[in-house]
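Below is one structure, written out as structure tokens; comments come after it.
Since the model is a prediction, treat every value here as computed from it, not as a measurement.
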Amino acid sequence: MAEENMDIKSTEVGSTDFLLFLILILLLLGNRNTFGKYFELFNQETTRLNQILKALSATAEGLRGAFTAPQKVMKEINL
């Protein structure tokens, strides 16, 4: 009986695994043209998100420079 329980637990599929499996089946069965525009939209949105993240990173670098510059100046003039 304990061996049966172990076999059942080892073959359980999580909900995310099942959803990924369904998505894979839909992709394989679907027409490429049907999903093409969705993949293009996904690509455009990820590109846009990447540009936003780059802008935020540049802003953070600028702020870090603005806060560290006075400290460097103070060290150089020995204050």
Side-chain angles (χ1 to χ4, degrees):
M1 185 92 169
E3 292 178 13
E4 290 176 349
N5 288 340
M6 291 176 65
D7 290 339
I8 291 172
K9 287 182 181 178
S10 65
T11 58
E12 287 181 351
V13 177
S15 61
T16 54
D17 294 335
F18 182 70
L19 286 175
L20 289 174
F21 177 74
L22 286 179
I23 290 170
L24 177 64
I25 294 299
L26 288 173
L27 289 174
L28 291 174
L29 293 177
N31 187 355
R32 184 176 178 185
N33 293 333
T34 304
F35 289 102
K37 56 186 168 186
Y38 294 114
F39 287 128
E40 184 178 330
L41 177 64
F42 180 73
N43 189 28
Q44 289 173 352
E45 292 301 315
T46 52
T47 302
R48 192 174 120 207
L49 178 64
N50 192 19
Q51 290 172 347
I52 291 170
L53 291 175
K54 284 182 181 179
L56 289 174
S57 178
T59 302
E61 287 294 322
L63 287 173
R64 184 177 358 176
F67 285 111
T68 57
Q71 293 172 355
K72 289 180 183 178
V73 170
M74 293 295 186
K75 279 185 180 178
E76 289 181 10
I77 61 173
N78 294 324
L79 285 180

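By the side chain to side chain contact (heavy atoms under 4.5 Å, CB included) test, Leu41 pairs with Gln44, Glu45, sequence neighbours left out. Every residue two or more places apart in sequence or in another chain was checked for a side chain to side chain contact (heavy atoms under 4.5 Å, CB included) with Leu19, and none qualifies. Remark: Gln51 pairs with Thr47 by the side chain to side chain contact (heavy atoms under 4.5 Å, CB included) rule, at least two apart or across chains. Applying the side chain to side chain contact (heavy atoms under 4.5 Å, CB included) rule to Thr46 yields the partners Phe42, Asn43; only residues at least two apart in sequence or on another chain are considered.
Two different hydrophobic clusters hold Phe67 and Met74 under the rule that ILVMFWY side chains link at heavy-atom gaps under 4.5 Å.
For residues 55-69, the pairs satisfying side-chain hydrogen bond (donor to acceptor under 3.5 Å, both in side chains) are Glu61-Arg64, with sequence neighbours left out.
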